[in-house]
S.K.: 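Please see the structure below; I have some questions.
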Amino acid sequence: MSVHEQFAEDLALYALGALQGEEQVALEKHLKDCAVCPRELEQLRGDMALLALSTAGPTPPRPARQRLMEAVAREPRVRAVPTRRAWWVPVPWFAAAALALVAVVLSRQNANQEQRISLLQQQSAEQQAQLRRARDVLATLTATDAMRVTLVAAKTPPQPQGKAIYVRNRASLIFLASNMPMLPAQKAYELWLIPTSGAPIPAGLFKPDAHGSATVIDPPLPAGVEAKAFAITVEPEAGSAAPTLPIIMVGAGE
Amino acid sequence: MSSAELKGSSADASLLSAIRSGDENAMALLYDRYSSIVYSVALRVLGDTSAAEDVLQEVFIQLWRNPGLFDSSRGSLGAWLAVIARNRAIDALRKRHPETDIGDVIVSVEPDMAGHAERARVMEKVLGALGAMPRAQRSALEMAYFEGLTHTEIAAKTGEPLGTIKTRIRAGLLALRKAFST
């Protein structure tokens, strides 16, 4: 059996795209060195073309032609391409290889950039959403037209009340007051942070509205101070460095 | 010789040359000549008109983009398109990326497939050759060709030895060739 006969059946399978693995590798290697088998492969493909004709009959739907011609019209001008026989010319080959490499690198970089942009866009969208929520909370807390209701035990006359929410690590403080008595002229209430050690720290001046409500949001405070209690005094409008007695309201942390 | 008398391959060469220079009308003429071959083989493989039309569009738009893919000095355009369409349809059927560079596919066949009358004659002969084949041989050939099954898959499906299936597939293709050599 000649070497060509040995490959004959594999050649038919190869033409059909059915040959795989080692058999495919061996045949492709043989095709490069053989003068006879490539010709037989072309003939086998010719046989395949004949078999295709056994299906002839159906014609494509009429709109298919229109779609193709529209696609053709959208395509950029046809470029002349080098014939496939010219692949061995060394300089263009290296140039093409270099270009292909550059294209791969650029395409990867581009993909990375696109990924980063997409990530940043996602982060930005998340931050904007958080900001919107924070603004909504703040707007509700500080709205002048907000309805402020303090719930107490039934039949208890309204009492002045204050609620401080303090986050030590972030030195953030929100204070809400209700039913505060009207102030004398040129006076203001001052909120004090009473630390576990040291002197009281001013934590904001406020004047209640006509309903006795007031809000203090994030007054300037030193960072990391541990609070034992919060207190309110009446001070001059400009505020004081130290509380003026008496303390009219006080509350300790739970 | 008038253009009407040109042999199919010469007419194809002029059409391809016009396509190379960007002539859309030449593309339309080429489509009219070969779309039914491309479509019918894709439809037979895929069994779905919409998927077959996708193959049809892909094959022709590739030719428009790159007419140099077909080497007109080395065979018939109709035969080349038929083989490319069959291979693309099998790729679509098996949901795999195109495996062969179509520029590497050279198809050598005797009969001219450009004209409708010639094609009708070829089809008649092919159907005759298929009809004359032993049933098992025709079945193995059609499974490999239209279903894209490998010889291993066909052997598993039919319960027959691998070597027998290989022989039947090749013998089936050669029988088709023989029908045109006499």
Side-chain angles (χ1 to χ4, degrees), chain A residues 5 7-21 23-24 28 31 38-87, chain B residues 19-20 22 24 27-28 31 35-37 39-41 43-44 49 53 56-57 60-61 64-68 71 75 78-79 82-83 85-87 90 99-100 103-111 113 119 122-123 126-127 130 141 144-145 148-151 166-167 169-170 173-174 176-177 180:
Chain A
E5 284 169 33
F7 282 111
E9 282 173 353
D10 281 356
L11 211 50
L13 299 172
Y14 183 75
L16 287 159
L19 206 63
Q20 293 169 321
E23 289 175 316
Q24 184 183 346
E28 284 177 345
L31 281 171
R39 174 78 190 128
E40 174 61 12
L41 179 62
E42 291 172 18
Q43 298 248 336
L44 286 163
R45 287 197 176 119
D47 304 335
M48 285 173 64
L50 293 173
L51 192 47
L53 277 200
S54 74
T55 67
T59 49
R62 201 175 287 271
R65 187 181 195 270
Q66 182 63 27
R67 269 198 286 280
L68 176 74
M69 294 320 293
E70 283 167 4
V72 160
R74 281 196 303 271
E75 288 284 327
R77 279 294 290 112
V78 178
R79 285 165 288 115
V81 292
T83 66
R84 44 179 226 93
R85 296 272 159 216
W87 62 268
Chain B
I19 287 169
R20 235 172 255 125
E24 294 179 17
M27 192 66 204
Y31 176 90
S35 59
S36 71
I37 292 187
Y39 180 74
S40 58
V41 69
L43 183 61
R44 169 73 186 270
T49 53
E53 201 194 315
L56 173 77
Q57 298 282 336
F60 278 98
I61 204 74
W64 169 253
R65 283 177 189 152
N66 201 345
D71 184 347
V83 171
R86 178 269 174 188
N87 290 352
I90 294 291
E99 290 191 334
T100 319
D104 288 339
V105 173
I106 299 170
V107 180
S108 172
V109 70
E110 275 306 309
M113 295 187 176
R119 279 216 294 266
V122 172
M123 182 176 147
V126 172
L127 289 175
L130 283 172
L141 178 62
Y145 189 80
L149 296 182
T150 65
H151 45 296
K166 281 184 175 187
T167 306
I169 290 173
R170 174 165 183 263
L173 285 173
L174 294 184
L176 296 176
R177 193 184 310 172
F180 289 87

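Worth saying up front: this structure is predicted, and the values here are computed from it rather than measured. Sequence lines set the chain letters: A, B, ... in the order given, protein chains first and strands last, and positions in each chain run from 1.
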S.K.: Taking the six-membered ring of B:Tyr145, is NZ or CZ of B:Arg86 closer than 6.0 Å to its centre and within 45° of its axis?
M.R.: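 Yes, B:Arg86 and B:Tyr145 form such a contact.
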S.K.: Specify which of B:Leu56, B:Leu127, B:Thr167 makes the most heavy-atom pairs with chain A at under 4.5 Å.
M.R.: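 Counting heavy-atom pairs under 4.5 Å, the top option is B:Thr167.
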S.K.: How about B:Thr150 and A:Gln20: does a side-chain donor come under 3.5 Å of a side-chain acceptor?
M.R.: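 Looking only at side-chain atoms, A:Gln20 and B:Thr150 do not form any donor-acceptor pair under 3.5 Å.
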S.K.: Among residues at least two apart in sequence or on other chains, which ones pass side-chain hydrogen bond (donor to acceptor under 3.5 Å, both in side chains) with A:Gln24?
M.R.: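 Listed in chain order: A:Glu28.
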S.K.: Chain B: which of A:Pro58, A:Ala15, A:Ala71, A:Pro61 shares the most heavy-atom pairs with it under 4.5 Å?
M.R.: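 When all of A:Pro58, A:Ala15, A:Ala71, A:Pro61 are compared, A:Pro58 has the most.
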S.K.: Working note: A:Leu68 + B:Trp64, criterion side chain to side chain contact (heavy atoms under 4.5 Å, CB included); need CA distance, chi angles, decisive distance, verdict.
M.R.: CA-CA 10 Å; A:Leu68 176 74; B:Trp64 169 253; over 6 Å; no
S.K.: Under a 4.5 Å heavy-atom cut-off, does chain A meet the side chain of B:Glu53, its backbone, both or neither?
M.R.: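 For B:Glu53, the side chain is the part near chain A, not the backbone.
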S.K.: With chain B as the partner, which of A:Pro38, A:Gly57, A:Ala64 has the greatest number of non-hydrogen pairs under 4.5 Å?
M.R.: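 If we count pairs closer than 4.5 Å to chain B, A:Ala64 comes out on top.
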S.K.: With a 4.5 angstrom heavy-atom cut-off, is it the side chain or the backbone of B:Leu43 that approaches chain A, or both, or neither?
M.R.: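 When you check distances to chain A, only side chain atoms of B:Leu43 fall under 4.5 Å.
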S.K.: Just so I understand: if I count every heavy-atom pair under 4.5 Å between each of B:Val122, B:Ile169, B:Ile61 and chain A, which residue has the most?
M.R.: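 Most pairs with chain A among the choices: B:Ile61.
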S.K.: Regarding A:Glu40 and B:Arg177, does a basic nitrogen lie under 4.0 Å from an acidic carboxylate oxygen?
M.R.: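 Counted as a salt bridge, because a side-chain N and a carboxylate O are separated by less than 4.0 Å.
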S.K.: Under 4.5 Å heavy-atom distance to chain A, tell me which part of B:Ile90 shows up: side chain, backbone, both or neither.
M.R.: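 Nothing of B:Ile90, per the 4.5 Å heavy-atom cut-off to chain A.
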S.K.: Under 4.0 Å between a Lys/Arg side-chain N and an Asp/Glu carboxylate O for A:Glu70 and A:Arg67?
M.R.: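 Result for this pair is no, no salt bridge flagged.
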S.K.: With a 4.5 angstrom heavy-atom cut-off, is it the side chain or the backbone of B:Leu130 that approaches chain A, or both, or neither?
M.R.: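 The answer is the side chain of B:Leu130.
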S.K.: Under a 4.5 Å cut-off applied to non-hydrogen side-chain atoms, are A:Met48 and A:Gln43 in contact?
M.R.: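 They are not in contact (no side-chain heavy atoms under 4.5 Å apart), so the answer is no.
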S.K.: Between B:Met27, B:His151, B:Arg119, which residue shows the highest count of heavy-atom pairs closer than 4.5 Å to chain A?
M.R.: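 Most heavy-atom pairs under 4.5 Å with chain A: B:His151.
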S.K.: Side chain, backbone, both or neither: which part of B:Leu176 has an atom under 4.5 Å from a heavy atom of chain A?
M.R.: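 Its backbone and side chain both get close to chain A.
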S.K.: Go through the atoms of B:Val41 and report whether side chain, backbone, both or neither lie under 4.5 Å from a heavy atom of chain A.
M.R.: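 Both backbone and side chain.
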S.K.: I'd like to verify something: which residue of A:Leu13, A:Asp10, A:Leu11 has the highest number of heavy-atom pairs under 4.5 Å with chain B?
M.R.: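 The option with the most such pairs is A:Leu13.
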S.K.: With the side chain counted from C-beta on, respond yes when A:Leu44 and A:Tyr14 share a heavy-atom pair under 4.5 Å apart, and no when they do not.
M.R.: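 Not touching, per the 4.5 Å side-chain cut-off.
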S.K.: Counting only non-hydrogen atoms closer than 4.5 Å, does A:Gln66 touch chain B with its backbone (N, CA, C, O), its side chain (CB onward), both, or neither?
M.R.: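 It is neither, since no heavy atom gets under 4.5 Å.
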S.K.: Under 4.5 Å heavy-atom distance to chain A, tell me which part of B:Phe60 shows up: side chain, backbone, both or neither.
M.R.: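 Both backbone and side chain.
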S.K.: Please enumerate all residues that pass side-chain hydrogen bond (donor to acceptor under 3.5 Å, both in side chains) together with B:Ser36, with sequence neighbours excluded.
M.R.: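 B:Ser36 satisfies side-chain hydrogen bond (donor to acceptor under 3.5 Å, both in side chains) with no residue once adjacent residues are dropped.
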